[in-house]
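I have placed the structure first, in the form of structure tokens, so that the comments after it can refer back to it.
Just so you know, these numbers come straight off a predicted model, no measurement behind them.
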Amino acid sequence: MTTTETAAPPATRAEYCVIACADAWRDNGEVLASPMGLIPGFGARLAKRTFSPDLLLTDGEAMLVGLDGAAEGWLPYRQHLTFVTGGRRHVMMGASQIDRFGNQNISCIGDWERPDRQLLGVRGAPVNTLNNPVSYWVPKHSPRVFVEKVDMISGVGYDSAAAAGPSATRFHRIPRVVTNLAVLDFETPDHTMRIASVHPGVTVEQVREATGFALALPEGGEVPFTREPTAEELRLIREVVDPRSLREREVRSA
């Protein structure tokens with residue numbers, strides 16, 4: 001480094017979240033990435049620019065798009081359904097509630113017949129979760145989101161899929177849940193949620209306190225930190241993928 005060069009600022013919490021979301025699509029091959037939300041969208045675009053070049057990106061409506069957002073092809077609804085029903089799509093959705101088995105709720109809070117709060121409705125969550133891998137992005141990790149039992153099942157978790165039988169488990173998979181505090185997965189014998197990593201500056205105890213149920217730990221009990229972005233990944237995030245730093249508005253550094 002010359003005297004005129006300065007080291008790049010260290011990665012922020014938001015940038016660790018982008019990296020963690022991007023890694024959800026690692027080694028996925030040629031599948032349709034369907035990120036729902038700002039940081040998942042940045043993660044999908046970063047993944048395609050780096051370690052998952054075969055990913056297919058969509059504008060969310062009717063087109064396949066390139067890295068610059070320009071339309072590359074038409075994605076008619078019938079073709080979209082082929083991706084969905086054949087397991088060749090990896091969605092990253094949000095969650096108003098999620099439980100230890102990965103059941104997700106985006107429909108209502110409280111009793112379904114007379115809810116305290118009406119949300120989006122189940123929308124495509126059941127089809128998504130039963131037909132292709134689905135990960136989740138939660139920008140604010142709290143006991144209100146991570147609950148012992150969801151008020152209504154929108155996205156299907158591991159216990160619910162198992163109860164429904166082979167037709168429900170064929171393509172069902174929840175690779176990871178990324179939050180502003182940690183990365184969680186279901187790599188346990190009974191497919192209950194565990195802490196896969198915590199973001200730098202976060203402790204395991206903080207994650208536990210922000211969760212409404214007991215979380216499993218990796219074998220041996222040691223929880224690693226979320227991986228560091230490479231210098232090139234940081235450059236791409238800051239200069240290409242999100243030059244306006246919108247990520248910092250969604251996840252602020254502690």
Side-chain angles (χ1 to χ4, degrees), residues 20-37 39-41 43-44 47 55-58 60 75 77-109 112 118-139 141 145-179 183-194 196 211-213 215-216:
C21 287
D23 277 343
W25 285 284
R26 184 179 289 274
D27 300 325
N28 275 199
E30 191 179 28
V31 302
L32 184 66
S34 295
M36 301 179 186
I39 284 183
L55 277 183
L56 301 176
L57 301 181
T58 173
L75 185 64
Y77 196 61
R78 63 180 180 273
Q79 184 63 42
H80 188 271
L81 288 177
T82 300
F83 282 121
V84 172
T85 58
R88 296 182 58 208
R89 180 177 180 238
H90 185 167
V91 182
M92 183 169 281
M93 298 176 64
S96 300
Q97 292 180 327
I98 190 167
D99 67 22
R100 68 175 71 242
F101 290 102
N103 294 293
Q104 169 246 33
N105 175 24
I106 52 172
S107 183
C108 64
I109 303 299
W112 182 82
Q118 180 67 52
L119 305 174
L120 291 173
V122 297
R123 300 176 71 86
V127 174
N128 288 342
T129 49
L130 291 182
N131 288 283
N132 48 244
V134 173
S135 294
Y136 293 103
W137 161 242
V138 178
H141 194 136
V145 177
F146 289 83
V147 296
E148 184 66 40
K149 184 177 180 180
V150 297
D151 291 338
M152 180 177 178
I153 296 175
S154 303
V156 178
Y158 279 99
D159 59 338
S160 300
S167 63
T169 58
R170 182 182 178 191
F171 294 119
H172 179 269
R173 186 166 67 89
I174 308 174
R176 61 175 47 194
V177 179
V178 180
T179 81
V183 178
L184 308 122
D185 63 23
F186 300 86
E187 298 298 319
T188 55
D190 57 354
H191 290 302
T192 54
M193 193 182 293
R194 73 165 190 167
T211 306
F213 51 84
L215 289 163

Test side-chain contact (heavy atoms from CB on, under 4.5 Å) applied to I109 and Q97, Q118, M152, the passing residue: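 Only one of Q97, Q118, M152 forms a side-chain contact (heavy atoms from CB on, under 4.5 Å) with I109, namely Q97.
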Quick check: do [X] and [Y] have side-chain heavy atoms less than 4.5 Å from each other?
X    : Y    : result
R88  : L32  : no
V177 : F186 : yes
T192 : F213 : no
T179 : F146 : yes
M93  : N128 : yes
N131 : R89  : no
V134 : Q104 : no

Per ring pair (Phe, Tyr, Trp, His ring centres under 6.0 Å), H90 is matched among W25, Y136, F171 by W25
Find the distance between CZ (R100) and OG1 (T188) and round it off to the nearest 0.5 Å. 10.5 Å
How many angstroms lie between atom CG of D159 and atom CD1 of I153, to the nearest 0.5 angstrom?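 Answer rounded to 0.5 Å: 6.5 Å.
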Tell me the closest heavy-atom pair linking M193 and D99, and the distance in Å. CE-O, 3.4 Å
Is it the case that atom CZ in R26 sees more than 12 heavy atoms from other parts of the structure closer than 6.0 Å? yes
In terms of ring plane angle, is the pair H191 and Y158 parallel, tilted or perpendicular, where the classes change at 30° and 60°? parallel
Sequence neighbours left out, what passes side-chain hydrogen bond (donor to acceptor under 3.5 Å, both in side chains) with S96? Give chain and number order.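 side-chain hydrogen bond (donor to acceptor under 3.5 Å, both in side chains) check on S96 returns nothing, list empty.
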